[in-house]
Amino acid sequence: MVGGGGREHALAWACQRSRLVDRVTCAPGNAGTLRVGENLAVAATDAEGMVALAQSERVDLVILGPDAAVAAGVGDALGRAGIRCFGPDREAGRLESSKSFAKQLMQRLGVPTPAFAVFDDHAQAVEHLRRRGAPVVVKADGLALGKGAFVCKTGEEALAALDGLLLRRELGVAGERVLIEDCLAGEEASFFAICDGQSAVMLPPARDYKRAFDHDRGGNTGGMGSYAPAPPRGWRELNQRVRQEVVLPTLAEMRRLGSPYRGCLYVGAMLVGQEIQVLEFNARFGDPETEVQLPLLGDLVPLMWQSAEGQLDAPDPEPVAGACVGVVAAREPYPDPVEAGGQVLGIEAAEELGCLVFQMGTRPGGEGSVEVGGGRVLICTAIGEDQEDARRKAYSGLATISFSGMRYRQDIGA
Ligand code: GLY
């Protein structure tokens, strides 16, 4: 398991439960993945280090967690060494690592997506903004750890985003090129297709909450909570449409370009009336969506294995419960930088209440303890008969957990 966040803890947990799996090794992992396997200190972006590790541990299947691993060519290096890998190579990963590549592909295929224009030049971008007016979404073309999209209600906000990206280079090379997109209103949902280059199996879709505070106020975060399935009603029909209208044409186009896409294709969408508008692709599972999808599903290892082999042959998996809700606990002043350190207490108590706690930013402390290691510390998830039941259980579990500076949203799944 490549990576070390909540998504990777959830995936490692799911693998460890599989009847096909003897042993799970995480690189680099976190204090949570230590509970389901072993951690080895290889960075998620160290392609050659990951090959050496897979060889020395005689790993049968490597799973790529973060986008940075895909963009660093970990999948390419494993492929060259003949090691089975779930996740795309770098070229196919351009569906995420270049927003302009992805949007131009959608445009060619007639996939509904907000109108957009691409700029390298600040003056031209500002001129376009003047003609177009707000609201708009300004996006960095490259990978920016979830911090590359600016929803701008006013022209001033959009100008500030353009200045930050194109003049001050606040996101480095990721923001050397920008997209200015129409801003849509609707219901967001994240769709997930396990792909083998040609066909696709759809997972129950999920929704995440990007803003720091209740009622979607505050700055953008890596995600403060999530629920699945989303939307709670009608998601199976939406999944069929996303497969037929978005995923399968995209897979065909990637084959035509000589970059077959294998792995999880994440379709970030806005539901606007009857329309599914695609906002973005990601070349990996979502975070914190994975943490609420996997508790609802049976063994996913056969699917990941078949995807890596290029031979997918399975129906869409059905959820084992009505819903799953997950609430993220962060340390103040996240999303601003936080200090690490200090113990996390009460995880076992939450688990005794039936919750699954996936660790996001943690590190092992002494004597089996868990310490805060980053801004988003953990996500407390629960399954239930329906969303309200799952939500109530997740919040009850979270009430048993504590660490200094702990804060969470109260409205997840409400
Ligand atoms: N949940 C957003 C992401 O994984 O990018």
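Index from 1, following the sequence. In listed order, ligands and their atoms are each counted from 1.
- Heavy atoms of other residues, nucleotides or ligands lying less than 6.0 angstrom from CD of Gln410 number more than 12.
- Those atoms of ligand 1 that come under 4.0 Å of a heavy atom in Gly286, given as number and element, are 4 (O).
- Summarising the local packing, CZ of Arg233 is surrounded by 12 or fewer heavy atoms from other residues, nucleotides or ligands at distances under 6.0 Å.
- The side chain of Glu289, and not its backbone, has at least one atom closer than 4.0 Å to an atom of ligand 1 (non-hydrogen atoms only; side chain from C-beta on).
- At least one N/O-N/O distance between Asp287 and ligand 1 falls below 3.5 Å.
- Close approach of ligand 1 to Asn282 is summarised as follows: ligand atoms under 4.0 Å from at least one heavy atom of the residue are 5 (O).
- At under 3.5 Å, not a single nitrogen or oxygen of Lys210, backbone or side chain, sits near a nitrogen or oxygen of ligand 1.
- At least one side-chain heavy atom of Leu398 sits under 4.5 Å from a side-chain heavy atom of Tyr408.
- Closest to atom 5 (O) of ligand 1 among all protein heavy atoms lies Arg284 NH2, 2.8 Å.
- Shown in contact with Asp208 at under 4.0 Å from a heavy atom are these atoms of ligand 1, numbered in order with element: 1 (N), 2 (C).
- Using a 4.0 Å cut-off between charged side-chain N and carboxylate O, Asp89 and Arg94 make no salt bridge.
- The protein heavy-atom contact nearest to atom 2 (C) of ligand 1 is Tyr266 OH, 3.2 Å.
- Remark: side-chain polar atoms of Gln359 are paired, donor with acceptor, to backbone N or O of Gly32 under 3.5 angstrom.
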Go through it in stages, so that I can follow the logic: the residues are Arg132 and Asp182, the test is salt bridge (charged side-chain N to carboxylate O under 4.0 Å, His left out), and I'd like the CA-CA distance, side-chain angles, deciding distance and then a yes or no.
CA-CA 9 Å; Arg132 183 112 214 154; Asp182 282 6; 2.8 Å; yes

